[in-house]
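Notes for the one structure printed next.
Order of the sequence lines fixes the chain letters, A, B, ..., with proteins taken first and strands second; residue numbering starts at 1 for each chain.
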Amino acid sequence: MLDIKLIRENPELVIEKLKLRGENTENIDKIKSLDEQRRSLLTKVESLKKIRNEASAEIGKLKAKRIDTTEKVEEMKKISDEIKSLDDEIKKLEEQIQDLLYYIPALPSDSCPIGNSPEDNVVIKVCGEEKQFDFKVKDHIELGELHDIIDFERGTKITGRGFPLYKGKGAILERALINFMLDTHIINGYEEVLTPVLVNRKSMEAAEKVPKFEYDMYRIEEDDLFAIPTAEVPIINIHRDEIFNEEELPKKYCGFTNCFRREAGSYGKETKGFLRVHQFNKVELINFCLPENSYREMENMLLNACRILDELKMYYRIVELCTADLGFAASKCYDLEVWSYAEKKWLEVSSISNCTDFQARRGMIRIKRGGGTGKQKIEFAHILNGSGLATSRLMVGLLEANQTSNGNIIIPEVLQKYTGFDVI
RNA sequence: GGAGAGGUGGCUGAGUGGUUGAAAGCGGCGGUCUCGAAAACCGUUAUACAGGUAACUGUAUCGGGAGUUCGAAUCUCCCCCUCUCCGCCA
């Protein structure tokens with residue numbers, strides 16, 4: 001959620017930044033005028049409440065002295081009614097403001113490349129070495145079937161399309177990847193958490209997934225719970241409605257969860273195998289930090305995620321998203337993409353975002369600074385999230401890149417101690 | 001799912017209609033004392049919103065919402081959560 005004060009004080013800036021995202025900005029003026037109405041009513045009702053409070057105290061004293069207060073009470077009845085109707089009006093205005101505000105995305109950082117579509121994203125760096133194959137490469141579905149390690153058909157039988165079933169060495173490889181990633185992140189200073197995968201509405205709101213993306217999520221209506229689309233949601237909510245002391249930051253968490261996405265509206269796109277699924281596995285990185293450090297921390301997080309791909313000896317690239325391609329809550333974002341030798345395209349395996357105070361404001365995640373100096377200040381934390389990494393698409397790249405001419409798959413060296421075997 | 005108990009400031013805990021934003025204690029912070037520390041003592045210690053350049057002022061907040069009242073932490077209704085016992089169960 002954006003700061004209403006920013007819209008109030010500098011609407012031109014807000015509009016200018018939103019336009020860079022290709023966002024419709026007409027609601028900004030609407031919010032501004034609703035906010036003006038709200039504040040003028042607020043001033044009015046607060047002064048009436050002051051009168052009421054003073055009168056009530058007086059009535060109390062008079063009654064104690066057994067002096068008649070009928071006249072005073074009658075007068076206050078009128079004022080009380082007036083207060084009630086003003087309060088109702090204010091409440092309605094606040095609801096209108098919020099309904100609009102909840103759909104306004106974060107403002108892009110000045111450092112974001114400006115663009116109109118994903119084509120304007122900027123490739124920062126290509127890493128690792130591209131392999132040369134002197135045979136026709138198999139795609140991950142063929143490789144999965146060949147070794148009976150991924151069974152898409154039975155996954156479909158159990159649940160539906162997009163719910164893959166891993167078997168045998170496939171399941172072990174998946175588990176090995178997760179363990180390898182978590183262990184690596186722990187070394188880099190992240191605390192591991194294992195969170196709930198169903199969360200309540202408040203948690204979704206704090207992560208800025210609801211109301212805007214409510215219908216992209218699997219929901220359990222009876223209990224008003226949501227299946228998480230990413231571990232970002234429960235991990236951020238660890239500190240919802242809390243205030244950090246500034247010395248506690250940066251606070252870094254990593255966590256593995258299953259992730260669930262309806263991907264409504266994307267049918268027909270990348271329906272093959274692992275490229276777009278409804279349930280996948282992901283290790284997530286979260287960093288709560290001081291506002292002035294968030295962009296520096298973001299570079300660190302990028303390195304932490306890259307390290308996984310480096311150690312797996314993957315061929316990948318770092319892409320910086322342009323203003324038009326940023327996620328709803330993000331001010332700046334890097335994607336990591338691994339090369340698919342069979343699909344002949346780059347696959348997104350990680351997205352590292354600086355959401356600055358956008359989620360912290362909604363989730364009331366704050367920092368207390370200057371403790372003991374007498375000049376205490378409370379401000380919103382900055383929150384970064386990054387995948388480190390998502391395994392299903394990584395699995396695609398990994399299987400393809402490590403295949404041999406007879407269809408075997410060589411396990412990368414760093415994973416061998418986790419799998420217990422070196423070839424599939 | 002059934003029965004009961006309870007939700008008050010960072011924590012413990014008083015308060016059942018009228019200076020109660022809220023006693024007291026603990027903790028935190030600042031100070032006095034000390035070579036330093038502890039102890040003791042003194043002071044201070046919530047958040048949000050609105051107005052104001054500011055000092056500051058006002059309003060709101062005792063799980064959430066609605067209601068009664070001139071006035072609600074306190075009374076009424078609905079909801080949520082936690083705990084205990086029973087049932088079920090990985």
Side chain of A:Arg366 - closest among B:U47, B:G65, B:C70: B:U47

Do the ring planes of A:His278 and A:Phe163 sit parallel (below 30°), tilted (30 to 60°) or perpendicular (above 60°)? tilted

Short side-chain to backbone donor-acceptor contact, A:Arg361 and A:Phe380, under 3.5 Å: no

Both distances under 3.5 Å, Watson-Crick or G-U wobble: report the partner of B:A54, or none. none

B:A60, B:G18, B:U47: which one has an atom nearest the side-chain heavy atoms of A:Arg52? B:A60

Counting just side-chain N and O atoms, does A:Asn53 come under 4.0 Å of either OP1 or OP2 of B:G71? no

Answer for the Watson-Crick or wobble partner of B:G71, both distances under 3.5 Å, is none

Out of B:A50, B:G18, B:A60, whichever nucleotide has its closest atom nearest the side chain of A:Leu42: B:A50

So what's B:U61 paired with, Watson-Crick or G-U wobble, going by both distances under 3.5 Å? B:A46

Should B:C41 form a Watson-Crick or G-U wobble pair with both distances under 3.5 Å, which nucleotide is its partner? B:G31

Quote, to the nearest angstrom, the P distance that separates B:U69 from B:C81. 32 Å

Counting only Watson-Crick or G-U wobble pairs whose two distances fall under 3.5 Å, which nucleotide matches B:U76? B:A66

Parallel, tilted or perpendicular: which one describes the rings of A:Tyr190 and A:His185, with boundaries at 30° and 60°? perpendicular

For atom C1', what is the distance between B:G52 and B:G58, given to the nearest Å? 11 Å

Watson-Crick or G-U counterpart of B:C85, or none if no pair lies under 3.5 Å: B:G2

Ranking B:C70, B:A50, B:G58 by distance to the side chain of A:Thr43, first place goes to B:A50

Pairing partner of B:A22 (Watson-Crick or G-U wobble, both distances under 3.5 Å): none

I'd like to know whether the aromatic ring centres of A:Phe226 and A:Phe213 sit less than 6.0 Å apart in this structure. no

Sugar-phosphate only, base, or nothing, as touched by A:Lys61 at under 4.0 Å among non-hydrogen atoms: nothing

Calculate the interatomic distance between A:Asp87 atom CG and B:G71 atom C1'; express it in whole Å. 15 Å

Contact between A:Tyr334 and A:Glu299 at the side-chain level, heavy atoms closer than 4.5 Å - yes or no? yes

